[in-house]
Structure formats: C-alpha cells, structure tokens
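Presented below is the structure to which this report refers.
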Amino acid sequence: MAGVSSSSILLPTTRVLSLRDIAVDRDGHPALRGVDAEAHAGRLLAVTGANGSGKSTLLEVAAGLLTPHRGAVDLRPGIRIALVPQSTPLAAHLPLNVTDIVAMGTWGRLGTWRPARRVDRDLVVDAIGTVDLADLARRPVGTLSGGQRQRALLAQALVQRADLVLLDEPMAGLDSRSRAVIATTIGHLTATGSAVIAVTHDIAEFTAVDDVLELQDGRVVRAS
Ligand SMILES: Nc1ncnc2c1ncn2[C@@H]1O[C@H](COP(=O)(O)OP(=O)(O)OP(=O)(O)O)[C@@H](O)[C@H]1O
C-alpha cells in the first residue's frame, strides 16, 4: 500500500532477515564461511571486524546483490530494503540537489512518475531536517562534502521507510558533528521500527547497539 510503511505493522521483535550457514567466494577466495545472522525490527545490529573480514560482503548478501553459493537467505516477504554503500558516486554531473536526492527515496513507494503528495514532500523535508541538512536543501549534490553526502543518503533511506536499512561504514571519515547526527538518525530508524545493520570498525561510535556480529576471515567469531 503506497504511503504506508510496513514497519508500522511489524512488532519490535519481528525477524526481518535470517542468514543461515552463508558461504561466499570472491575471485576464488573465501569471503564468508558458515555465517549465521539475524536482523530484527527496531534493533541495530553492528557488524565489525578487520579489513577484508567480509563485512561488506555480508551486507551485499543481505541486500540481495550477491547470491551465496551455500546457505539460506530468508527475508520477510514484502519488506523494503535500503542500502547505503560505503561510497556512492552521487551523479555530480546531474543537476540534482539534496532535496532531489532525498526525494528519490519515495520512488519505491510512489513509482518514478507519480507526483509526490504533500505527505511525501513533508517526509522529505523532515528527513533533511533529521540529518541536519536543512541549510543545504537546495545545494547541488556534487558540491557536498563526504559527511554531508553521507547524511543526504541516510535521509534518502529515511524516506524510503525501509523495514531493513543496511549501512556500510556510515561514520567513516566523518567529523564528530556528522557522526552524532548519523547516530541519532540510526536511533530514529530503530525507534520507528526499522531493522538496521551497520558495518563499523568501532562499535562505540553508535549510541545504542542491540546486537554485535564480529567477523574474522569470513567467519563469525562473536555474536552477542
Ligand atoms: N568485488 C570483489 N571481487 C573480488 N573479491 C572481493 C570483492 N570485494 C571483496 N572481495 C574480497 O572479499 C573479502 C571480503 O571483503 P569485504 O569487502 O567484504 O571485507 P570488509 O570486512 O568489508 O573489508 P573493509 O573493512 O576493508 O571494508 C576480501 O578478501 C576482499 O578482498
């Protein structure tokens, strides 16, 4: 149903994603081995581990961008997924401003060519405010700093009203103000019922982590 988030009808303990015994090879190299993971509505799962331990690969599997050669990916039917990759080229050559980029988050629910309704325009303005970019709402995306760009992409994920939000190192390289805004926004996402999986090198950068998965050489070495 357009305009209504399925998040709102999911109970806080609802499991939206289950990965079982996942194995992925990349270029003949084992990137994931025997990985189990779950994401639940209203909870933040932090995925941590050294460089090359398989964190981004896990997100790609969760997003459906990569098919594991073994294991089961069980997504709750009909859920919406938002993925904010580590670095996204934001089409700097296109005449798009922050509001345009954030409004794209409504397309999945409205369809590309259906005009945005007032409620969706309000949602876009609210999301831009939540990530503290109101002053830059009309700024061409090509002129944004890394932190501002990351916040714009998070606002886009907010308006998607996704049931599962996948964030790949959302704080990497950001200053303390941007990190605080992103931590608050993640709190907003879980409080409104989204399941969030966020890759990080430092769990302490999130204000409220519910579950932790630590990877080492493609295997889970800690799940708590
Ligand atoms: N596109 C790719 N093609 C081939 N191998 C890849 C590709 N992406 C990742 N790999 C390999 O898969 C393994 C896991 O990589 P992945 O990017 O998932 O790790 P990561 O934990 O996210 O690392 P980082 O902290 O550096 O971002 C690594 O050995 C990496 O070299």
Side-chain angles (χ1 to χ4, degrees), residues 16-40 43-75 79 81-91 131 144-154 156-157 160 162 164-176 178-183 185-186 189-190 194-224:
V16 298
L17 168 72
S18 164
L19 303 178
R20 289 281 168 263
D21 195 24
I22 298 296
V24 173
D25 282 348
R26 308 196 86 158
D27 279 352
H29 171 87
L32 292 177
R33 280 291 177 270
V35 170
D36 294 334
E38 288 187 352
H40 295 263
R43 293 180 75 84
L44 167 61
L45 167 64
V47 179
T48 189
N51 290 137
S53 56
K55 305 180 297 297
S56 300
T57 302
L58 184 70
L59 279 199
E60 288 176 62
V61 170
L65 297 175
L66 205 57
T67 305
H69 72 260
R70 199 181 68 219
V73 179
D74 184 14
L75 270 175
I79 65 164
I81 302 176
L83 169 68
V84 182
Q86 217 166 329
S87 59
T88 314
L90 265 184
V131 300
L144 297 178
S145 72
Q148 291 160 350
R149 197 175 53 178
Q150 206 56 13
R151 277 146 58 193
L153 289 171
L154 202 52
Q156 188 188 72
Q160 284 180 51
L164 176 61
V165 179
L166 307 169
L167 306 173
D168 200 347
E169 298 198 34
M171 313 260 196
L174 305 193
D175 66 16
S176 58
S178 287
R179 287 204 306 271
V181 169
I182 285 178
T185 307
I186 290 172
L189 282 164
T190 52
S194 298
V196 180
I197 305 180
V199 165
T200 179
H201 285 280
D202 179 12
I203 292 168
E205 65 189 4
F206 299 125
T207 43
V209 174
D210 299 293
D211 306 296
V212 176
L213 193 77
E214 185 175 345
L215 297 174
Q216 190 180 309
D217 297 330
R219 294 183 184 276
V220 176
V221 290
R222 176 160 72 113
S224 55

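First listed ligand is number 1; within each ligand, the first listed atom is number 1. Keep in mind it's a predicted model, so treat the numbers as computed, not measured.
- At a cut-off of 3.5 Å, with distance as the only test, no side-chain donor of Thr190 or Arg43 sits close to an acceptor on the other residue.
- The 4.0 Å heavy-atom shell around ligand 1 contains residues Arg26, Asp27, His29, Ala31, Ala50, Asn51, Gly52, Ser53, Gly54, Lys55, Ser56, Thr57, Gln86, Glu169, His201, ordered by chain and number.
- Look at Glu60 and Lys55 and you find no salt bridge, because none of the NZ, NE, NH1 or NH2 atoms lies under 4.0 Å from a carboxylate O.
- Here Arg33 pairs with Asp25 under the salt bridge (charged side-chain N to carboxylate O under 4.0 Å, His left out) rule; sequence neighbours left out.
- Under the 4.0 Å criterion applied to side-chain N and carboxylate O atoms, Glu214 and Arg219 are not assigned as salt-bridge partners.
- Partner Leu215 forms a side chain to side chain contact (heavy atoms under 4.5 Å, CB included) with one of Val35, Thr48, Val221 and no other, that one being Val35.
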Working for side chain to side chain contact (heavy atoms under 4.5 Å, CB included), residues Ile182 and Leu174: CA-CA 10 Å; Ile182 285 178; Leu174 305 193; 3.4 Å; yes
